[in-house]
**Student:** 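First the structure, which I've put down as structure tokens, then a few questions once you've had a look.
We number each residue from 1, following the sequence as shown. Only heavy atoms go into these numbers, but all of them, side chains included; no hydrogens, no water, no symmetry mates.
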Amino acid sequence: MRIIIRADGNREIAMGHIMRCLSIADALRGAGAEVVFVTAGKETRQMLEERGYQNHILGTSFCDMEAEQPAFHRFYEKNAADVILVDSYFVTENYMQEIGRWTKTAYMDDMGQPVYPVNMLINYNIYGDSLPYKEWYAQSGITAPEKYLLGCRYAPLRAEFCQGIRSRVREKVSDVLITTGGGDIADVAGKLCRRLAEEKRRGLHKGVRYHIVCGPFAENKIELRALAKGSADFVVHENVTSMSQLMGNCDAAVSAAGGTMYELCSMQLPVVCFYFAENQRRMAQRFAEMTEIRNAGDVTKEEERTLSALSEELCRLEQDGSLRSRQRRQMKELTDGKGAGRIAEALLQLV
């Protein structure tokens, strides 16, 4: 059985789509399926091939998917698949209708609307099972999917997050994780760490060391390395091979509202979140509604307010053990880390 995954990762859209699809691909491969990635550009080729996956590059624009259809179809004619899983915000109704003529289709959704003609719809987000998809499909006149996979139990985490590893539980916070996504185009890590360094000089965050995850497309690597070189309170981590281990060695975290939030939940690592893209806003707000995880806001529209909220909430997490304990309990209820396997099983059942 062959599954084609159509997804992209680059400086503009970061790595979230590719990373979650890799988790699903690993689960599919473990079930005996062949998985082929199709991407617009070559930015992720090395990563995918190092993981053992074929990557066919269309040589097209990732944000103009209708224009890629002839190139995609030429590839598909020689490499027919049982299912095509698409993970992109740039699909259109016409695009999904066309590839649906070739084979069964599944779509990874975050936005809710518009809806598309697919055989299976996946929205594993914390708000996914609260969206009125059936109503939207009825209003659109598009045939509804045969199968919906909605809610956090389908969060496609990497295998390392399915092993029951948890963050350490200690009375005193000494290590905090800062993760801002694969690109960090707003330099949130740098701006926040410079603020934290200044607050440390004023006596705050005593005894706390900050671990900064520097993504593959981060443009602020040189500045972050210089900050870490000048202070033992800041450590930069590049090319992280075991994120679960890094999370497990921390007591609290700062995170962009993306897929990392579900990894943090599986690790039960207390966190404060923020967002810098519209597709992250709903997630950050829903986490704040359902748990005591604070949504610090949109760093691109209210930078000073958001950075202040992040540092203030970090102080709170560092000082309030009962808050950290409550967050751990709330996070435990959201995901068990086995979503990738559930999605893989459902994709295979489509055939």
**Student:** Is there a donor-acceptor pair closer than 3.5 Å between any side-chain N or O of N249 and the backbone N or O of Q245?
**Tutor:** yes

**Student:** N94 and T92: side-chain donor and acceptor closer than 3.5 Å?
**Tutor:**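 Side chains of N94 and T92: no pair found under 3.5 Å.
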
**Student:** Please name the residue in the list V115, V86, I122 that meets the side-chain contact (heavy atoms from CB on, under 4.5 Å) test with Y107.
**Tutor:**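 Testing each of V115, V86, I122 against Y107, the sole residue satisfying side-chain contact (heavy atoms from CB on, under 4.5 Å) is V86.
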
**Student:** For a 4.5 angstrom cut-off between non-hydrogen side-chain atoms, does R225 reach E238?
**Tutor:**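 Sidechains of E238 and R225: in contact.
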
**Student:** Keeping the roles fixed (side chain from Q280, backbone from F276), state whether a donor-acceptor pair exists under 3.5 Å.
**Tutor:**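 Yes, Q280 side chain to F276 backbone: donor-acceptor pair under 3.5 Å.
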
**Student:** Under the 3.5 angstrom rule, does the side chain of T105 hit a backbone N or O of G100 as a donor-acceptor pair?
**Tutor:** no

**Student:** Can you spot which of R329, Q327, Q330, R324 makes a side-chain hydrogen bond (donor to acceptor under 3.5 Å, both in side chains) with E292?
**Tutor:**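 Answer to the side-chain hydrogen bond (donor to acceptor under 3.5 Å, both in side chains) test with E292 among R329, Q327, Q330, R324: Q330.
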
**Student:** Could you check whether F72 and H56 have their ring centres less than 6.0 Å apart?
**Tutor:** no

**Student:** Answer with yes or no whether the side chains of E68 and Y95 bring together a donor and an acceptor at under 3.5 Å.
**Tutor:**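 Result is yes, a qualifying pair exists.
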
**Student:** Looking only at non-hydrogen atoms, find the nearest pair between K191 and E303 and report the distance.
**Tutor:**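 Smallest heavy-atom distance, with atoms named: NZ-OE1, 2.7 Å.
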
**Student:** Using modelled atom types only, decide if a donor and an acceptor are shared between the side chain of D320 and the backbone of R316 within a distance under 3.5 Å.
**Tutor:**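 Not confirmed, D320 side chain does not pair with R316 backbone.
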
**Student:** Please determine, by modelled atom types, if R281 and Q285 share a side-chain donor-acceptor pair under 3.5 angstrom.
**Tutor:** yes

**Student:** Determine, for R101 against E98, whether the closest basic-nitrogen to carboxylate-oxygen distance falls under 4.0 angstrom.
**Tutor:** yes

**Student:** Show your working on side-chain contact (heavy atoms from CB on, under 4.5 Å) between M47 and I18 and close with a plain yes or no.
**Tutor:** CA-CA 10 Å; M47 174 192 296; I18 286 289; 4.1 Å; yes

**Student:** Hey, could you give me the CD1/CD1 distance between I84 and I4, rounded to the nearest 0.5 Å?
**Tutor:** 5.0 Å

**Student:** Quick one: do L224 and M15 end up in the same hydrophobic cluster if we chain Ile, Leu, Val, Met, Phe, Trp and Tyr together by side-chain heavy atoms under 4.5 Å apart?
**Tutor:** no

**Student:** Hydrophobic cluster membership, with links at side-chain heavy-atom distances under 4.5 Å among I/L/V/M/F/W/Y: are L149 and V118 in one?
**Tutor:**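 They do share one cluster, since a chain of ILVMFWY contacts under 4.5 Å joins L149 to V118.
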
**Student:** Side chains of S308 and R195 only: does a donor on one sit below 3.5 Å from an acceptor on the other?
**Tutor:**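 Yes, R195 and S308 have a side-chain donor paired with an acceptor closer than 3.5 Å.
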
**Student:** Answer yes or no: is there a donor N or O on one side and an acceptor on the other, between the side chain of N123 and the main chain of L150, under 3.5 Å?
**Tutor:** no

**Student:** Salt-bridge test for D87 and R6: reply yes if a basic N is under 4.0 Å from a carboxylate O, no otherwise.
**Tutor:** no

**Student:** Can you confirm whether more than 12 heavy atoms, excluding those of E171, are under 6.0 Å from its CD atom?
**Tutor:** no

**Student:** Is R2 reaching over with its side chain to a backbone N or O of A80, donor-acceptor style, under 3.5 angstrom?
**Tutor:**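 At least one qualifying donor-acceptor pair exists.
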
**Student:** Run C273 and R294 through side-chain contact (heavy atoms from CB on, under 4.5 Å) and show every step you take.
**Tutor:** CA-CA 6 Å; C273 73; R294 182 175 177 181; over 6 Å; no

**Student:** Mind checking whether H237 and I212 have side chains closer than 4.5 Å, heavy atoms only?
**Tutor:** no

**Student:** For D298 and T306: C-alpha separation, side-chain torsions, deciding distance, then whether side chain to side chain donor-acceptor pair (under 3.5 Å) applies.
**Tutor:** CA-CA 6 Å; D298 185 343; T306 302; over 6 Å; no

**Student:** When rounded to the nearest 0.5 angstrom, what distance separates CD in E146 from OG1 in T143?
**Tutor:**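 Result: 10.5 Å between the selected atoms.
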
**Student:** Does E198 pair with R201 as a salt bridge, N-O distance under 4.0 Å?
**Tutor:** yes

**Student:** Does R11 come within less than 4.0 Å of E43, counting only side-chain N to carboxylate O?
**Tutor:**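 Salt bridge absent between R11 and E43.
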
**Student:** Hey, does the side chain of S266 reach the backbone of G337 with a donor-acceptor pair shorter than 3.5 angstrom?
**Tutor:** no

**Student:** Between E263 (side chain) and S244 (backbone), is there a donor-acceptor pair under 3.5 Å?
**Tutor:**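 No.
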
**Student:** Applying salt bridge (charged side-chain N to carboxylate O under 4.0 Å, His left out), run through D175 and R209 and close with a yes or a no.
**Tutor:** CA-CA 5 Å; D175 294 271; R209 180 170 52 181; 3.1 Å; yes

**Student:** Using a 4.5 Å cut-off on heavy atoms from C-beta on, say whether the side chain of S23 contacts that of L157.
**Tutor:** no

**Student:** With a 3.5 Å distance limit and no angle check, can you tell me whether T103 reaches the backbone of D82 through a side-chain donor-acceptor pair?
**Tutor:**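 Present.
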
**Student:** Between T180 and V299, is the side-chain contact (heavy atoms from CB on, under 4.5 Å) condition met? List the steps.
**Tutor:** CA-CA 11 Å; T180 54; V299 74; over 6 Å; no

**Student:** Look up atom CD in Q69 and atom CZ in R74, then write down how far apart they are to the nearest 0.5 Å.
**Tutor:**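 Nearest 0.5 Å value for the CD-CZ distance: 12.0 Å.
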
**Student:** Do M290 and M267 sit in the same hydrophobic cluster, where Ile, Leu, Val, Met, Phe, Trp and Tyr count as joined when their side-chain heavy atoms come under 4.5 Å apart?
**Tutor:** yes

**Student:** Return the set of residues passing ring-ring contact (aromatic ring centres under 6.0 Å, His included) with Y154 (not counting sequence neighbours), or none when no residue passes.
**Tutor:** none

**Student:** Answer yes when K206 and D233 have at least one side-chain N-carboxylate O distance shorter than 4.0 Å, and no when they do not.
**Tutor:**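 Between D233 and K206 there is no salt bridge, as every charged N stays at least 4.0 Å from the carboxylate O atoms.
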
**Student:** When you look at T44 and N55, which way does the side-chain contact (heavy atoms from CB on, under 4.5 Å) test go after all the steps?
**Tutor:** CA-CA 8 Å; T44 58; N55 178 200; 4.2 Å; yes

**Student:** Are V271 and F287 packed together at the side-chain level, in the sense that at least one heavy-atom pair is separated by less than 4.5 angstrom?
**Tutor:** no

**Student:** Are L264 and M331 close enough that some pair of their side-chain heavy atoms sits under 4.5 Å apart?
**Tutor:**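 With C-beta onward as the side chain, the pair touches.
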
**Student:** Can you confirm whether Y210 sits close enough to V235 that some side-chain heavy atom of one is under 4.5 Å from a side-chain heavy atom of the other?
**Tutor:**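 Not in contact.
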
**Student:** Report the C-alpha distance between D336 and R153 in whole Å, list the side-chain angles of each, state the deciding distance to 0.1 Å, and finish with yes or no for salt bridge (charged side-chain N to carboxylate O under 4.0 Å, His left out).
**Tutor:** CA-CA 7 Å; D336 59 5; R153 69 188 303 266; over 6 Å; no

**Student:** Name all residues meeting the side-chain contact (heavy atoms from CB on, under 4.5 Å) criterion together with D26; count only those two or more places apart in sequence or in a different chain, and write none if there are none.
**Tutor:**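 side-chain contact (heavy atoms from CB on, under 4.5 Å) check on D26 returns R29, R51, Y53.
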
**Student:** Test ring pair (Phe, Tyr, Trp, His ring centres under 6.0 Å) on H211 and F234; report intermediate values, then the result.
**Tutor:** CA-CA 6 Å; H211 298 265; F234 297 92; over 10 Å; no

**Student:** Can you measure from CE (M19) to OG1 (T260) and round to the nearest 0.5 angstrom?
**Tutor:** 9.0 Å

**Student:** Could you grab the distance from atom CG of L28 to atom CG of L85, nearest 0.5 Å is fine?
**Tutor:** 8.0 Å

**Student:** If we only count heavy atoms from C-beta on, is the Y76 to V38 side-chain gap below 4.5 Å?
**Tutor:**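 Side chain of Y76 against side chain of V38, heavy atoms only: no contact under 4.5 Å found.
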
**Student:** Evaluate the ring planes of Y148 and Y137, with Trp represented by its six-membered ring, and classify them as parallel (under 30°), tilted (30 to 60°) or perpendicular (over 60°).
**Tutor:** perpendicular

**Student:** Within the structure provided, determine whether V208 and L314 are in side-chain contact (heavy-atom separation under 4.5 Å).
**Tutor:**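 V208 vs L314: side chains apart.
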
**Student:** I'd like to know if the side chain of E93 pairs up with that of Q97 as donor and acceptor (distance under 3.5 Å, no hydrogens or angles considered).
**Tutor:** no

**Student:** So, Y262 versus F161, ring centres under 6.0 angstrom or not?
**Tutor:**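 So the answer is no for these two rings.
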
**Student:** Strictly distance-based, threshold 3.5 Å: is any side-chain N or O of N125 a donor or acceptor partner for the main-chain N or O of G128?
**Tutor:**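 Absent.
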
**Student:** Nearest 0.5 angstrom please: C152 SG to D129 CG, how far?
**Tutor:**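 Taking SG in C152 and CG in D129, the distance rounds to 7.5 Å.
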
**Student:** ring-ring contact (aromatic ring centres under 6.0 Å, His included) with Y133: which residues, sequence neighbours excluded?
**Tutor:**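 Listed in chain order: W136.
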
